[in-house]
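Written out below as structure tokens is the structure these notes cover.
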Amino acid sequence: MKTFQTRLRQRMDELGMTRGDLARVSGVGFHRIATWTRSKPLVPKIDALPSIAIALECSSDYLLGLTPDPTPPAFAAEIRDRLREVNCS
């Protein structure tokens with residue numbers, strides 16, 4: 001899962017997000033995110049992947065290395081905004 005770790009870190013850097021920011025926006029626990037960004041990451045569980053992708057404004061396929069294009073589906077921005085409302089309030 002080196003691709004996931006690399007792309008996760010890359011998108012966080014591009015968006016200027018810390019692990020805490022990502023946890024807050026996605027609703028995924030800080031410790032899970034920290035585990036994924038370590039030098040020996042664990043494979044992410046499928047239940048967290050959509051929230052992480054939406055928070056990082058990219059597709060799940062991109063994070064998993066299935067496509068080189070990070071462009072999220074058209075509806076992702078609306079879902080991301082709703083997640084932020086819920087998780088940041």
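As a basis for the values below, the full set of heavy atoms in this structure was taken, side chains included, without hydrogen atoms, waters or symmetry mates. Computed from a predicted model, the values in this text were never measured in an experiment.
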- Item | Heavy-atom pair with the smallest gap, counting every atom of Ser60 and Pro50 | OG-CA, 4.1 Å

- Quick one: are Ile52 and Ile33 in side-chain contact, heavy atoms under 4.5 Å? yes

- Item | Pairwise distance OG1(Thr37) to CZ(Arg9) - rounded to 0.5 angstrom | 6.0 Å

- Note on the structure: For Tyr62 and Gln10 the tightest heavy-atom approach is OH-OE1, 3.4 Å

- Shared hydrophobic cluster for Leu15 and Leu22 (ILVMFWY, side-chain gaps under 4.5 Å): yes

- Message: Is any side-chain heavy atom of Leu49 closer than 4.5 Å to one of Leu64?
- Response: yes

- Query: About how many Å separate CG of Asp13 and OG1 of Thr18, when rounded to the nearest 0.5 Å?
  - Reply: 11.0 Å

- Any side-chain heavy atom of Leu56 sitting closer than 4.5 Å to one from Met12? yes

- Query: Under 4.5 Å between any side-chain heavy atoms of Met17 and Arg11, yes or no?
  - Reply: no

- Task: Kindly indicate whether the side chain of Trp36, heavy atoms from C-beta on, has any atom under 4.5 Å from the side chain of Val28.
- Result: yes

- Between Ser26 and Ser51 the two heavy atoms that sit nearest each other are O-CB, 3.4 Å

- Is there a path from Leu8 to Phe30 through hydrophobic residues (I, L, V, M, F, W, Y) whose side chains come within less than 4.5 Å of each other? no

- Message: Using 0.5 Å steps for rounding, measure from the CG atom of Asp69 to the OG atom of Ser59.
- Response: 7.0 Å

- Heavy-atom closest pair (Thr3 atom, Gly65 atom, distance to 0.1 Å) is CG2-CA, 3.4 Å

